[in-house]
Amino acid sequence: ALDAELPMSLEEFSRYGRQMIVEDTKGIQGQIKLRDAKVLVIGAGGLGCPCLPYLAGAGVGHIGIVDNDTVETSNLHRQILHNSSKVGMLKCESAKKVLQKLNPHVSITTYPVRLGYSNAFGIFEGYDIVLDCTDTPLTRYLISDVAVCLGMTVVSASGLGTEGQLSILNFQGIGPCYRCFYPTPPPPNAVSSCQEGGVIGPCIGLVGVMMAVETLKIIMEIYTSDNFQPFLMQYAGFPQQTLRTFKMRGKKQACLCCGDQPTITRASITSGSINYELFCGKRNYNVC
Amino acid sequence: ALDAELPMSLEEFSRYGRQMIVEDTKGIQGQIKLRDAKVLVIGAGGLGCPCLPYLAGAGVGHIGIVDNDTVETSNLHRQILHNSSKVGMLKCESAKKVLQKLNPHVSITTYPVRLGYSNAFGIFEGYDIVLDCTDTPLTRYLISDVAVCLGMTVVSASGLGTEGQLSILNFQGIGPCYRCFYPTPPPPNAVSSCQEGGVIGPCIGLVGVMMAVETLKIIMEIYTSDNFQPFLMQYAGFPQQTLRTFKMRGKKQACLCCGDQPTITRASITSGSINYELFCGKRNYNVC
Amino acid sequence: MVNVKVEFLGGLDAIFEKQRTYKLNVEGPDGSTVTVGDLIDYIVQNMIKNDKDKEVFIENDTIRPGILTLINDTDWELEGEKEYVLEDGDIVSFTSTLHGG
Amino acid sequence: MVNVKVEFLGGLDAIFEKQRTYKLNVEGPDGSTVTVGDLIDYIVQNMIKNDKDKEVFIENDTIRPGILTLINDTDWELEGEKEYVLEDGDIVSFTSTLHGG
Ligand SMILES: [Zn+2]
Ligand SMILES: [Zn+2]
């Protein structure tokens with residue numbers, strides 16, 4: 001009877017106690033916000049793997065994971081939620097298993113599909129925040145476009161080699177979107193001289209953990225429409241670890257998606273008339 | 001026969017390929033350094049949990065884990081190598097199980113003991129680098145002292161609330177040690193007005209991942225006796241994520257441990273004549 | 001003439017002899033003020049050794065799509081882009097957008 | 001008089017009304033130069049409201065053991081400690097050493 005009057009079970013109080021006493025979380029109030037939050041994570045790879053357990057551990061109540069890839073041995077130096085015995089298993093299912101054991105209070109939904117214009121709205125609807133942990137410009141544009149149409153905040157990150165980048169897009173519908181930053185996609189053939197696509201595990205891992213920090217701050221309303229300023233963070237792991245924050249442009253009135261007269265709308269996306277493949281080229285961009 | 005002539009198995013080439021093609025790792029040469037490295041991680045908690053899988057994933061050949069604590073529910077928001085089904089299990093054994101599955105090529109030794117003056121040398125000997133992932137000044141002084149006596153480099157980090165710190169101590173025997181930075185321990189009763197010891201999972205987690213990045217750079221000789229400069233990095237997760245690097249003092253000639261006339265030596269430590277408890281006070285310091 | 005620091009981040013150092021930061025003294029075309037546009041011309045003419053690499057940095061006479069330009073850690077769109085007049089000590093950063101995840 | 005920025009990191013903001021950074025105008029005792037020692041006196045006299053909190057910051061007339069002092073991101077031991085003469089725009093940071101793990 002006593003238990004029933006509390007906003008959480010005693011097990012949850014014990015589980016989250018050490019974070020609830022940090023003043024910035026605002027205690028029970030923040031914990032309930034976390035429990036009610038619905039976060040969609042797209043990609044359970046180098047960014048998603050270190051991010052997901054901190055979301056689940058913190059008590060984010062509803063987590064969706066979109067990934068149709070299966071675990072390969074070559075992933076394991078950086079995709080540390082998976083392991084050698086899971087080679088061949090779907091990454092979203094592998095991740096779910098680990099997270100469900102870490103925190104049984106969290107409800108986890110998996111989407112073992114390739115994200116595309118025809119299925120994105122159906123997957124996104126019902127979530128509050130979307131995390132872009134993917135690895136091609138094509139999906140980065142698509143995720144941003146769909147999130148703008150649905151008014152969802154995006155935590156977008158990427159990494160390569162020893163570096164990484166992170167930004168919050170379309171914050172509460174007021175922030176700039178991916179297209180505001182990158183109205184024109186990079187030409188597929190202009191990347192030839194950049195180093196090939198290797199990556200240091202903990203360097204991309206650190207950026208994934210940064211995504212978790214940003215997501216918790218969005219849920220706990222550390223960022224507000226009053227204090228939010230568009231930014232892009234740039235991390236470098238070598239030779240010294242540095243983290244720079246660049247002050248970025250706001251929403252562009254002329255943006256095709258989030259601007260005053262958008263041509264990229266739910267109707268144009270779902271009808272397939274926004275040709276993401278043509279727009280971005282088919283070359284594997286994962287090189288620069 | 002062909003396989004036997006290669007410095008690594010084909011499975012290892014596939015496993016480490018994506019990091020070997022990053023130029024800073026120097027390919028096979030760097031990978032063999034990783035395989036030969038012997039890293040001792042003290043503490044499988046909020047810092048050790050995110051650090052360890054990146055060391056194992058990268059192929060650090062020999063990892064030791066010292067921790068005599070058992071997993072508790074209240075750890076799980078930040079100690080993401082463990083899980084709810086492991087409550088009551090030794091943290092070092094819980095971590096070993098996960099890491100061994102992640103990378104079977106890594107040899108892992110566990111030390112389910114409380115680190116003290118009488119057992120530290122026996123544990124440390126045979127390792128190249130020690131990672132201080134502990135949570136009291138007492139062990140921080142002890143780890144630094146023993147590492148100085150044995151000429152080992154220490155990657156030392158800590159965190160509380162939304163902040164964290166990281167430093168490399170006694171780098172190749174030339175860097176400053178923990179006592180150079182903190183010749184006098186903080187008075188046990190001077191910490192009363194600081195906020196109590198809460199912590200945000202991904203904030204301490206990020207610092208743990210930073211430790212892995214630094215450890216890989218030490219092993220791969222990105223840091224050398226020529227370019228190494230003493231530093232202390234200060235991370236803050238809230239309100240904005242920032243990472244500052246402070247330029248720090250070098251080795252102090254008057255340092256009781258690494259200075260010109262040390263009184264803290266292997267003999268004085270192992271005889272118990274350095275009273276760490278008296279020196280640091282018995283109060284739980286994990287508050288400021 | 002103006003003394004500025006230039007940075008090539010996100011892998012762009014690959015076309016600048018793998019060096020991430022340069023300190024430059026740049027003269028303007030009229031001998032007085034130097035804009036970011038002048039700086040970009042200087043970089044293309046003097047610092048990219050391999051002609052084929054120019055298209056990694058420049059497209060249609062401006063910075064290639066996918067590269068962000070920052071003036072003192074601020075998006076150059078907020079600072080006047082190519083028209084911004086450089087002052088001694090300014091830092092101009094170019095960073096390639098990363099896509100890996 | 002000198003204009004400086006002061007930062008309280010690592011939880012030290014707890015005794016400074018939870019504010020991490022302050023911009024201060026500080027006068028020296030003789031009206032001319034201001035040292036870091038003068039700044040510390042100023043902080044103790046004017047900025048720590050609760051007398052009991054002073055021992056968190058000061059011990060035996062200097063910064064308490066366990067707190068690092070940085071002048072423009074450099075350990076004050078390399079800069080002359082209390083004798084360092086402040087200039088306009090200097091940043092002085094105090095950070096409590098963290099022990100959690
Ligand atoms: Zn837009
Ligand atoms: Zn020393």
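Each chain gets a letter, A, B and so on, in the order its sequence line appears, and its residues count up from 1. All values reported here derive from a predicted model rather than from experimental measurement.
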[X] [atom1] to [Y] [atom2] distance, which is reported to the nearest 0.5 Å:
X        : Y        : atom1 : atom2 : value
B/Gln241 : A/Glu214 : CD    : CD    : 4.5 Å
A/Ile80  : B/Ile80  : CD1   : CD1   : 5.5 Å
A/Met233 : B/Thr242 : CE    : OG1   : 9.5 Å
A/Leu216 : B/Thr162 : CG    : OG1   : 12.0 Å
B/Tyr54  : A/Ile204 : OH    : CD1   : 8.5 Å
B/Cys203 : A/Gln19  : SG    : CD    : 10.0 Å

Side chain, backbone, both or neither of [X] within contact of chain B (heavy atoms, under 4.5 Å):
X        : value
A/Tyr235 : side chain
A/Leu206 : both
A/Arg78  : both
A/Met210 : both
A/Tyr223 : side chain
A/Glu72  : neither

Select, from [options], the one with the greatest count of heavy-atom pairs under 4.5 Å involving chain B.
options                              : result
A/Leu243, A/Leu76, A/Val213          : A/Val213
A/Leu81, A/Leu99, A/Asn103, A/Leu102 : A/Leu102
A/Ala58, A/Pro239, A/Ala212          : A/Pro239

For A/Ile21 and B/Gly197, work out which heavy atoms get closest and say how close.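 Closest heavy-atom pair between A/Ile21 and B/Gly197: CD1-C, 4.0 Å.
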Side chain to side chain contact (heavy atoms under 4.5 Å, CB included) for A/Ile200 and B/Thr25? Distances and angles first, verdict last. CA-CA 9 Å; A/Ile200 302 288; B/Thr25 68; 3.2 Å; yes
Report which part of B/Leu55 has an atom under 4.5 Å of a heavy atom belonging to chain A: side chain, backbone, both, or neither.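 Nothing of B/Leu55, per the 4.5 Å heavy-atom cut-off to chain A.
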Cut-off 4.5 Å, heavy atoms of chain A, and the answer for B/Gln240 is both
Picking from B/Ile222, B/Leu166, B/Asn83, which has the most non-hydrogen pairs under 4.5 angstrom with chain A?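 So the answer, after comparing B/Ile222, B/Leu166, B/Asn83, is B/Asn83.
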Counting heavy-atom pairs closer than 4.5 Å to chain A, which one of B/Arg244, B/Gln79, B/His77 comes out on top? B/His77
Does the A/Lys101 side chain pair with the main chain of B/Lys86, one donor and one acceptor, at a distance under 3.5 Å?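 Flag not set: sc A/Lys101 to bb B/Lys86 has no pair under 3.5 Å.
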Output yes when a side-chain donor or acceptor of B/Ser74 lies under 3.5 Å from a complementary backbone atom of A/Ser14, and no otherwise. no
Tell me which one of B/Arg15, B/Gln100, B/Glu11 satisfies side-chain hydrogen bond (donor to acceptor under 3.5 Å, both in side chains) with A/Ser84. B/Arg15
Are there more than 12 heavy atoms of other residues, nucleotides or ligands under 6.0 Å from atom NZ of A/Lys247? no
Would you call B/Pro50 and A/Val209 a side-chain contact if the rule is heavy atoms closer than 4.5 Å? no
